[in-house]
Amino acid sequence: METEPVEKNDRSDFTQPITPGESPVTVLEEALASETPRLFGVSAHGIRGRTGHAEEAAIARDLNVMKEGSEAIGEELGMETIGYVAIYDGNSAIAYRYDSTSSPRDPHLIGAMVNKRMPMRKLLKVMGDAV
Amino acid sequence: MGDTTISNKPLEALLASGTVRGVCLLKDGDVSYENFPYSAARLVKVCRVVEGLTKEFKAQGRVVDQMAFGYDGGNLLAVSMENYRLIFMHLMSDEIDFLAKAARAHMADLIAADEPEPVTAKVSDAVSLDTVPISLAKDREVSREKVDETARVEILATPAPSAVAEQGSGLAGVSAEDMSVEDLVGYYSAQDDRG
């Protein structure tokens with residue numbers, strides 16, 4: 001059984017409040033330096049993260065592409081309830097996962113970006129823990 | 001379906017493991033092996049969506065070589081390497097990384113098998129010298145005049161010719177530069193006879 005701790009940086013977790021004196025730039029720099037996932041909360045109301053608007057816009061674009069693709073595949077396979085999508089983009093990993101605790105009428109997603117090819121199983125676990 | 005030079009037994013072994021429900025191998029976008037619990041038409045559509053996603057990211061200058069999709073009824077994993085792509089349908093999301101590793105190992109074997117064998121010379125391949133045609137390039141041809149000239153330069157490098165006239169060997173009044181090779185050879189022969 002693997003005992004390696006799950007990498008998580010609370011300061012890049014969107015669920016953590018921004019503390020005084022903290023800025024999106026420092027949070028982003030810290031997450032990049034430690035190669036820990038930057039998490040985002042996604043809903044119909046928008047996307048929120050702690051690493052700035054540019055990152056939020058970038059992950060929103062990627063999530064749209066991944067969501068469309070996963071829906072098209074699910075349709076063909078007769079499996080329309082999507083749990084997660086993860087990709088390796090060069091030396092980065094990007095993923096989103098449905099928040100199973102959210103209302104089906106207003107589903108929430110957790111998005112994640114990390115600047116390394118983190119094992120997908122591990123990345124999904126980090127996102128699951130955030131849910 | 002078609003076959004590749006490398007056996008697809010590793011893929012069949014994964015299928016036999018129980019949690020992998022489908023495997024599809026594509027080469028240059030064409031299905032070269034498949035064992036999928038869906039019709040060929042559906043599988044082709046799934047492959048097209050995966051290809052479309054890859055192209056969409058590629059248009060942004062990004063290389064997406066692994067995609068994993070999780071659904072209520074199973075998971076789909078697509079791993080690409082050069083002109084190959086392997087798509088798995090599997091039951092447990094925990095298997096993603098293991099399957100991706102297996103996929104890369106298999107595709108690396110396929111890529112290596114596709115590469116042309118390096119040319120190696122064997123003793124048995126050697127051609128006997130008398131059958132080797134020799135043709136000199138024109139600029140490498142050496143004329144008789146050039147050979148003579150070279151010989152003259154070599155001979156002139158020795159101090160002997162300056163003594164020709166002094167010793168009255170029949171070449172008096174002829175400077176070393178004006179001597180032909182024959183003259184010089186004659187001179188040296190005479191010297192040898194005297195010695």
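Every chain is numbered from 1, with letters handed out A, B, ... down the list of sequences.
- Linking ILVMFWY side-chain heavy atoms closer than 4.5 Å, directly or via other members, places A:L123 and A:L32 in two distinct hydrophobic clusters.
- Residue pairs meeting the salt bridge (charged side-chain N to carboxylate O under 4.0 Å, His left out) criterion with at least one member in residues 70-88 of chain B, sequence neighbours excluded: B:E51-B:R85.
- For the options B:A41, B:G73, B:P37, heavy-atom pairs under 4.5 Å to chain A are most numerous at B:G73.
- Only the side chain of A:R117 comes within less than 4.5 Å of a heavy atom of chain B; its backbone N, CA, C and O stay farther away.
- Between chain A and the residues B:V50, B:L77, B:N75, the most heavy-atom pairs under 4.5 angstrom are made by B:N75.
- Among the residues in residues 14-24 of chain B, none has a non-hydrogen atom closer than 4.5 angstrom to a non-hydrogen atom of chain A.
- Within the model, atoms CD1 of A:I87 and CG of B:L53 stand 8.5 Å from one another, a figure rounded to the nearest 0.5 Å.
- Cluster membership for A:L28 and A:V114, using ILVMFWY side-chain heavy atoms within less than 4.5 angstrom, is not shared.
- Cluster membership for B:M67 and B:L91, using ILVMFWY side-chain heavy atoms within less than 4.5 angstrom, is not shared.
- Side-chain atoms of B:I96 and A:R121, non-hydrogen and from C-beta on, never get closer than 4.5 Å to each other.
- Within residues 58-67 of chain A, the residues having any heavy atom closer than 4.5 Å to a heavy atom of chain B are A:D62, A:V65, A:M66, listed by residue number.
- For the atom pair CD (A:E76) and CZ (B:R42), the distance works out to 6.5 Å, reported to the nearest 0.5 Å.
- Placement of B:M81 and B:L99 within a single hydrophobic cluster is found when ILVMFWY residues are connected by side-chain heavy-atom separations under 4.5 Å, directly or transitively.
- B:L86 and B:V63 fall into different hydrophobic clusters, defined by Ile, Leu, Val, Met, Phe, Trp and Tyr side-chain heavy atoms under 4.5 Å apart, directly or through other members.
- Put simply, the side chain of B:R62 never gets that close to the backbone of A:D89: no donor and acceptor are under 3.5 Å apart.
- Residue pairs meeting the salt bridge (charged side-chain N to carboxylate O under 4.0 Å, His left out) criterion with at least one member in residues 95-108 of chain B, sequence neighbours excluded, are B:D65-B:R104.
- Ranked by heavy-atom pairs shorter than 4.5 Å toward chain A, the options B:F57, B:Y71, B:F69, B:Y38 are led by B:Y71.
- For chain B, no part of A:E68 is nearby; none of its heavy atoms comes within less than 4.5 Å.
- The contact between A:L77 and chain B is made by backbone and side chain atoms together, counting heavy-atom distances below 4.5 Å.
- In terms of heavy-atom pairs under 4.5 Å with chain A, the best-connected choice from B:D94, B:V46, B:L76 is B:D94.
- Taking the side chain as every heavy atom from C-beta outward, A:M120 and B:Q66 approach each other to under 4.5 Å.
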